[in-house]
Protein chains: 2
Amino acid sequence: MARPAKTPRKTYHHGDLRNALLTAAREVLEERGPSFLGLREISRRVGVSAPSAYHHFPSRDAIALGLAEQGAAELAACLAAAPPNPGGSLLTYGEAYIAFVRANPALYRLMFGEGFPAVSEHSAAIRALRTRSYEIMKASLESRLTAAELPIAGLFLWALVHGLGLLLIDRQIVRDDDLNDVIRRVLTLAGTGLMRGPGRHDGK
Amino acid sequence: MARPAKTPRKTYHHGDLRNALLTAAREVLEERGPSFLGLREISRRVGVSAPSAYHHFPSRDAIALGLAEQGAAELAACLAAAPPNPGGSLLTYGEAYIAFVRANPALYRLMFGEGFPAVSEHSAAIRALRTRSYEIMKASLESRLTAAELPIAGLFLWALVHGLGLLLIDRQIVRDDDLNDVIRRVLTLAGTGLMRGPGRHDGK
DNA sequence: GCATAATTCTAACACTGTAAAGATTGAACG
DNA sequence: CGTTCAATCTTTACAGTGTTAGAATTATGC
C-alpha cells in the first residue's frame with residue numbers, strides 16, 4: 001500500500017520536485033538508514049510516481065550524490081562558523097567536525113561513498129567538496145606552523161577527526177566516560193604533537 | 001577444496017560450497033566493487049544456482065558478514081606479524097595497518113559496515129573482531145606510556161590510521177610525493193604527540 | 001485560443017533476494 | 001547388496017527494485 005504524501009498536491013505539476021526529492025531522501029536516510037534509500041521510497045514520500053524523478057535526476061545514485069554535495073557544503077559551513085579560538089583552534093575545529101559527524105551520521109558516510117558507486121565515481125567533483133573542510137582546518141593551523149609543515153599537519157588533523165568520527169558513529173568507542181571528554185582528550189593529545197611541529201624526532 | 005569456478009563440476013554435491021562462496025564473494029568484492037556483490041553473481045561464479053547458498057548462509061548479508069569477519073581476522077594477523085621495532089613501534093604498526101587497508105580497500109570498508117545492514121546490525125560480534133586490532137596497537141604503546149594514558153593514546157592511534165587509510169583509498173590524498181612518505185610523516189607527527197604523553201610532563 | 005514544451009503518469013522490462021517444493025546424491029543401517 | 005534418510009542442489013515462482021518507452025496532463029508563449 002502506497003502511503004500517500006503528507007498533503008496531496010493540487011497541481012499536476014509539483015513545482016519544486018527536485019528539492020522535494022532531496023529533502024525526502026534526506027529524511028529517509030537519517031530515519032531508516034542508507035539501505036532504505038530507494039527511489040520508490042523517496043518518491044512515495046513526496047507523493048509522486050517513481051519515474052518522475054528521472055526528469056530531475058539521471059539516476060537514483062544521482063540523488064545520493066546530491067545529498068552528498070549537500071552534506072559536504074554543510075560540513076564546510078559548520079567549520080567556517082566555528083567560534084575562532086586562537087588558543088585552541090585545533091580543539092575547536094576538531095570538535096565542530098566531530099559534532100557534525102555525530103549529528104548526521106548517515107549523511108557523513110554517504111559523503112564518503114558508502115554504498116553508492118556514483119559518489120566514488122564522480123569523485124572528481126565531490127572530492128573537491130570534501131577537501132574544503134580540510135582546507136579550513138589546515139588554515140586554522142597557519143598561525144603556529146610553517147608553510148612547509150602545513151600540508152602534513154592538516155592531513156594529520158583531517159585523518160584524525162575523520163577516523164574518530166567514523167569510529168564514534170560505528171559505536172566502536174565504548175567507554176564509561178563522557179564521549180565528549182574522550183574526544184577532547186584525543187584532540188588534546190594530537191595538539192601536543194602539533195605544538196612541537198612535524199620535524200623528525202631526533203633521538204635526543 | 002574450492003572447485004575451480006569456471007569448470008563445471010562433476011559431482012552433484014559441491015563438497016565445500018560454503019568456502020567456495022566466500023572466496024568467490026571476495027573476488028567479486030575486490031574486482032568489481034561492493035555494488036556488484038550480489039548473491040546471483042557469487043553463485044554464478046561458483047557454478048551453482050543462487051538459492052543453494054541458503055543452505056550455508058541465512059541471507060546475502062550473512063555472506064558479507066562472513067567476509068567482514070575474515071577481513072578483521074586477517075588485519076589482526078597482519079598487525080600481530082608486524083616486525084617488532086621497539087624504537088618506532090608506532091610507525092611499524094601504523095604502516096602495517098595502512099598497508100592492509102590499501103591492499104584490501106573494499107574488504108576494509110566492508111568491515112566497517114559499508115552498504116550491508118547486517119554488518120552494523122550484528123555489530124556485537126564484529127565490533128569485538130575490529131577491536132582486536134586496536135588492542136594490538138594499544139599494547140605496542142605499553143612500554144612508553146602509563147596505564148592511565150594507554151586507552152586514549154591507543155584510541156588516538158586507531159582513529160588516525162583508520163581515517164588515514166580511508167582517506168587514502170578514497171583517493172582523497174593527492175600529493176606529488178610518494179604516498180608512503182606522506183604516511184610516514186603523518187605517523188611521525190603523531191609520534192611526537194605520544195612521546196610527550198597526553199597533556200602532562202614528559203614521560204619516559 | 002492554440003501549439004508546443006515541460007512535466008507527470010502508467011505499463012513493462014530486466015534484474016534482485018528469497019521462499020517453496022521437487023530432483024539428486026552420499027551415508028547409515030538392515 | 002539394497003533401502004531409507006537426511007543433506008544438498010535444482011527449478012519455479014513471488015515481491016520488490018531501478019529504469020525505459022510512450023501516453024496523458026498541464027503550463028507557457030504566440
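Quick note: numbers below take in every heavy atom, side chains included, and nothing from hydrogens, waters or symmetry partners. Naming convention: chains lettered A, B, ... in sequence-line order (proteins, then strands); numbering from 1 in each chain. Because the structure is a prediction, the values reported are computed rather than measured.
For an aromatic pair to be called close, the ring centres must be under 6.0 Å apart, and B:His162 with B:Tyr134 fails this. Ring centroid separation for the pair B:Tyr93 and B:Tyr97 does not come in under the 6.0 Å cut-off.
Regarding A:Asp16, its CG atom lies at a distance of 15 Å from the C1' atom of C:dA6, rounded to whole Å. For the pair A:Ile42 CD1 and D:dT19 C1', the interatomic distance rounds to 14 Å; values are reported in whole Å. Straight-line distance from the CG atom of B:Asn19 to the P atom of D:dT8: 13 Å, rounded to whole Å. In this structure, A:Phe36 places its CZ atom 11 Å from P of D:dT17, rounding to the nearest Å. Separating the CZ atom of A:Arg60 from the P atom of C:dC15 is a distance of 18 Å, rounded to the nearest angstrom. In this structure, A:Tyr54 places its OH atom 13 Å from C1' of D:dA21, rounding to the nearest Å.
Distances from the side chain of A:Val48 to the nucleotides D:dT8, C:dT8, D:dT19 place C:dT8 closest. Residue B:His56 places its side chain closer to D:dC9 than to any other of C:dA11, C:dT18, D:dC9. Side-chain proximity of A:His55 to C:dT8, C:dA19, D:dG18: nearest is C:dT8. The side chain of A:Ser49 lies closest to C:dC9 when the candidates are D:dG18, C:dT16, C:dC9. Side-chain proximity of A:Arg44 to C:dT8, D:dT20, D:dT17: nearest is D:dT17.
Between B:Arg26 and B:Glu30 no salt bridge is recorded (no basic side-chain N to carboxylate O distance below 4.0 Å).
Along DNA chain C, the nucleotide nearest B:Leu39 and the nucleotide nearest A:Pro51 are compared for position; the residue whose nucleotide lies closer to the 5' end is A:Pro51.
Here B:Ser52 reaches the OP1 or OP2 of D:dT10: one of its side-chain N or O atoms lies under 4.0 Å away.
Put simply, the residue from A:Arg32, A:Arg45, A:Arg44 that forms a salt bridge (Lys or Arg N to Asp or Glu O under 4.0 Å) with A:Glu27 is A:Arg45.
Contact annotation: side chain of A:Arg40 to base of D:dG18, donor-acceptor pair present below 3.5 Å.
Although no hydrogens or angles enter the test, the distance criterion places no donor-acceptor pair under 3.5 Å between the side chain of B:Ser52 and the main chain of B:Val48.
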